**Student:** 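After the structure tokens below, expect a handful of questions from me.
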Amino acid sequence: MTATIERRAGESHLDPVTFEVLKNAFTTSVDLMSAQILRTCHSFVIYARDFSCALVDAKGNTVMQGSQDVAVHVGTLHFGAQAILARFRDDIHPGDIFGVNDPYSGGTHFNDVRIVRPIFAEGELIAFAMSMGHWSDMGGTVPGSFDVNAREHFGEGFRMVPVKLWDKGEFREDVAELIVANTRAPASNMGDMRAQAEATGVCEREILRLTEKYGKDTVVSAFDEVQDYVERLTRARITELPDGEWEAVDYIDYDPAHGEGLVPVKVKMRIEGDQIHYDLSESAPAVASFLNSGFGASFSGVVAGTKTFFPDIPLNSGFYRAITCDLGPEGTVVNAGWPIAVTGFCSGPYEKIMSAIFELWSGLMPERAIACSFNLEYLLIGGKDVRKDDGGYFMWYDWMVGGWGGRNGKDGANCTSPLFGVGLAVQSFEGQERLTPVVTDCHEIVTDSGGPGRYRGGCGVEKGGVLTAAERSVMSYCCDRSRNVAWGVAGGLPSTPHGVWLNKGTDAERYLGAVFSNVPVVEGDRFTRPSAGGGGYGDPLERPADEVLEDVIDGYVSVERALKDYGVVVSVVDADTDDYAIDEDATAAARAGMRRDRLQWLDEDAESIAQRYRAGELNELDLIRQYGVIVDWGTGELFPKTTNQFRSMLRKRAAAYWTAA
């Protein structure tokens, strides 16, 4: 499958002042939708900004996004409008409002529901206002609709192909009830449906106000010219870059159908003149879990990854015209057609596409170079809330911030929202505890989580909680990078693995890993999980010792890892007053020894290293950063194939840049 946006070069017919006024007015019309949703939504997930809005022209091309939208949503919104146009053709009228959540027609996953309102002026369809929000549950086999073990979408929830929810202004209550009745949160979902519909009405009123002031033809012309403007900017910037071909690969942890071994997501990029072409056709076949992506979400990953390196250019379909993307035939991990499960796309292929593209562009724009960032993750707990008289369902749906990769000239950002969408907010613990029987008892920065480098990766966090008054409850986790740990570049080292622990430190301790579903939990169970930090940038032995000392004082790096990762010997004078000192002679000797020995560590027998881990002689950071050995972090079982692949990546991204003793 090749995703392309037709190029429509055109001359400007608007004077510069009118063009600028309308361009910014279009952004305002979308932001007004967002403001409306925040004030009227029913779902706590949407309130935490897991939603996006867009203004789309009558041909189904994005004219403008909002100021704080989620990256993965934005690159798919035009596909939703195009699906409605294809399905209803001439049966689109004033007062109609449509719904769609179909990943196989360019959407993301089933929880992301788009509500779309056509905008008519003088009897002519001129645009669509679109609101996309993550509904807390869409049915399926587990609460929250995130079933890791799903092979087909039938276990993931209700599939809504384009459907008319309002017909010429008349609410089709029977259709709406049919949809929400197939979910565990019918009242909340009905409320969000209406809130999103009303938000699109706000955008409609604003666009019609503009047509009354400037004329319909002027506004419609501005829709085209805003896209042409972005296309010209994008192509002009591309022509400043050298022509050539580059490639990168990132990995999903494993395919359950084939045992251990990393699953490749391959990205090739070619620049020719003013056009960028991406080729993902050599990526692996679809995996036997829900960590697959439909074409829309994969295209969005390509767009978001590229756009990150052009932050000053607005984003609409004009940007897309400068990009072509070959996803290959259906049935791959990046182009999963119906009925392959795709709900976990965000933690799987999408995040890997962005990271691989970051690596490609870091080579082309070294001033913006960045290492791998932490993986998007979702923890879901659902069941019966016995605090309520009706014992109704609850859905505790949580995501965390984490560390971004170290950058060329600057450490990575600590505790930042994921690449998936930096506009996402950390959910209020107080709000979660009022709505669900889950109490948060831990939320803090994880020391040593940032990947070591000349510029350290940002630190992740740990969050823990306790299940209280609940029955018939299960836990699911959508994540990755428990094995393909967030990597460093230009000599930098990896961060830390993701994964959930249940009742850690007790006789009932269990390591559940980074991908699981439907694990029973009972009142009193305690869970905890870290978000990873970002990978390091540059050789950690080149980081000035006084900067490592500052990291120790700030709690970002421990005294132990200052030595093991950076070769800096720090002595504790008075920990209570953050009084530490560097032993300069010992540091020089330690760094000289590490330069002499560290390449050999990657050749040590992996099973013997795993045995030392099981015996408690080494910890997970020793295995990941020194020996490149990957094991089951709960049992210590060696993953030999994964270890070989991980070591190969370490040699390419880290060891190849290290200077000899």
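For clarity, every value in this text was computed on a predicted model and none was experimentally measured. Numbering starts at 1 and runs along the sequence shown.
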**Student:** Using side-chain heavy atoms (C-beta onward) and a distance below 4.5 Å, is L364 in contact with P242?
**Tutor:** yes
**Student:** Is it true that the side chains of S283 and T332 contain a donor and an acceptor less than 3.5 Å apart?
**Tutor:** no
**Student:** When you compare the side chain of E542 with that of T659, does any pair of heavy atoms fall below 4.5 Å?
**Tutor:**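 In contact.
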**Student:** CG of D585: more than 12 outside heavy atoms within 6.0 angstrom?
**Tutor:**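 For D585, atom CG is not crowded (no more than 12 foreign heavy atoms under 6.0 Å).
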**Student:** Do the side chains of H498 and P530 get nearer than 4.5 Å, heavy atoms only?
**Tutor:**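 Counting from C-beta outward, P530 and H498 never come under 4.5 Å.
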**Student:** Apply side chain to side chain contact (heavy atoms under 4.5 Å, CB included) to residues V72 and C346 and explain how you reach the verdict.
**Tutor:** CA-CA 8 Å; V72 67; C346 42; 5.8 Å; no
**Student:** Could you check I252 against R483 for side chain to side chain contact (heavy atoms under 4.5 Å, CB included), going step by step and ending with a plain yes or no?
**Tutor:** CA-CA 9 Å; I252 296 169; R483 303 178 187 183; over 6 Å; no
**Student:** On a heavy-atom basis, which atom in G534 and which in S495 lie closest, and how many Å separate them?
**Tutor:**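 Minimum heavy-atom separation between G534 and S495: O-CB, 3.6 Å.
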**Student:** Under 3.5 Å, is there a donor-acceptor pair linking the side chains of R235 and Q275?
**Tutor:**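 Yes, side-chain donor-acceptor contact under 3.5 Å.
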**Student:** Short question: side chain of W404, backbone of S417 - any donor-acceptor pair under 3.5 Å?
**Tutor:** yes
**Student:** How close do D274 and A322 get, counting heavy atoms only, and between which atoms?
**Tutor:**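 Smallest heavy-atom distance, with atoms named: O-CB, 4.3 Å.
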**Student:** Donor-acceptor pair, distance only, cut-off 3.5 Å: does the side chain of R591 make one with the backbone of L541?
**Tutor:** yes
**Student:** Within the 4.5 Å heavy-atom criterion, are V485 and F646 side-chain neighbours or not?
**Tutor:** yes
**Student:** Are any side-chain N or O atoms of T642 and backbone N or O atoms of F639, one a donor and one an acceptor, separated by less than 3.5 Å?
**Tutor:**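 Not confirmed, T642 side chain does not pair with F639 backbone.
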**Student:** Between Y350 and F345, what is the ring plane arrangement, given parallel below 30°, perpendicular above 60°, and tilted in between?
**Tutor:** perpendicular
**Student:** Which label fits W361 and F310: parallel for a plane angle under 30°, tilted from 30 to 60°, or perpendicular past 60°?
**Tutor:** perpendicular
**Student:** Is any side-chain heavy atom of Y251 closer than 4.5 Å to a side-chain heavy atom of V263?
**Tutor:**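 They are not in side-chain contact.
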**Student:** In plain terms, say whether R232 and E225 are close enough for a salt bridge, that is, a side-chain N and a carboxylate O under 4.0 Å apart.
**Tutor:**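 Salt bridge flag = no for E225 with R232.
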**Student:** Okay, side chain of S355, backbone of K352: is any donor-acceptor separation there less than 3.5 Å?
**Tutor:** no
**Student:** Do T496 side-chain atoms and A532 backbone N/O form a donor-acceptor pair below 3.5 Å?
**Tutor:**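 Here the side-chain-to-backbone pair does not exist.
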**Student:** Charged N to carboxylate O below 4.0 Å: is that the case for K564 and D448?
**Tutor:** no
**Student:** Do you know which of F295, Y320, F299 makes side-chain contact (heavy atoms from CB on, under 4.5 Å) with C325?
**Tutor:** F299
**Student:** Please walk me through it: do V45 and F51 pass side chain to side chain contact (heavy atoms under 4.5 Å, CB included)?
**Tutor:** CA-CA 9 Å; V45 175; F51 72 89; over 6 Å; no
**Student:** Please report the shortest heavy-atom distance between V570 and A562, naming the atom on each side.
**Tutor:**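 So the two residues come closest at CG2-CB, 4.2 Å.
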**Student:** Donor-acceptor check, side chain of R49 to backbone of D69, threshold 3.5 angstrom: yes or no?
**Tutor:** no
**Student:** Taking the side chain as every heavy atom from C-beta outward, state whether R561 and N619 have any atom pair closer than 4.5 Å.
**Tutor:**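 Side-chain contact under 4.5 Å: yes.
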**Student:** For R321 and Q227: C-alpha separation, side-chain torsions, deciding distance, then whether side chain to side chain donor-acceptor pair (under 3.5 Å) applies.
**Tutor:** CA-CA 9 Å; R321 295 179 205 156; Q227 296 173 62; 3.3 Å; yes
**Student:** Would you say that D565 contacts P540 through its side chain, given a criterion of any heavy-atom pair below 4.5 Å between the two side chains?
**Tutor:** no
**Student:** Test S300 against T76 for side chain to side chain donor-acceptor pair (under 3.5 Å), laying out the working first.
**Tutor:** CA-CA 6 Å; S300 184; T76 69; 5.5 Å; no
**Student:** Side chains of R407 and I370, heavy atoms from C-beta outward: is any pair under 4.5 Å?
**Tutor:** yes
**Student:** Do D253 and S482 have a side chain donor and acceptor closer than 3.5 Å?
**Tutor:**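 The criterion, which ignores hydrogens and geometry beyond distance, is not satisfied for S482 and D253.
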**Student:** Sub-3.5 Å donor-acceptor pair from the side chain of T234 to the main-chain atoms of F319, do we have one?
**Tutor:**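 No, the answer is negative, given that no donor and acceptor are paired below the 3.5 Å cut-off.
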**Student:** Parallel, tilted or perpendicular, judged at 30° and 60°: which one describes the rings of F19 and Y229?
**Tutor:**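 The rings of F19 and Y229 stand perpendicular, inter-plane angle above 60°.
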**Student:** Are side-chain N/O atoms of Y537 and S362 paired as donor and acceptor at under 3.5 Å?
**Tutor:** no
**Student:** Counting only heavy atoms not in E584, do more than 12 sit closer than 6.0 Å to its CD atom?
**Tutor:** no
**Student:** Tell me whether W658 contacts the main-chain N or O of G491 through its side chain, where contact means a donor paired with an acceptor under 3.5 Å.
**Tutor:**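 Between the backbone of G491 and the side chain of W658 there is a qualifying donor-acceptor contact (under 3.5 Å).
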**Student:** When D312 is tested against each of K307, R237, R368 for salt bridge (charged side-chain N to carboxylate O under 4.0 Å, His left out), which residue passes?
**Tutor:** R237
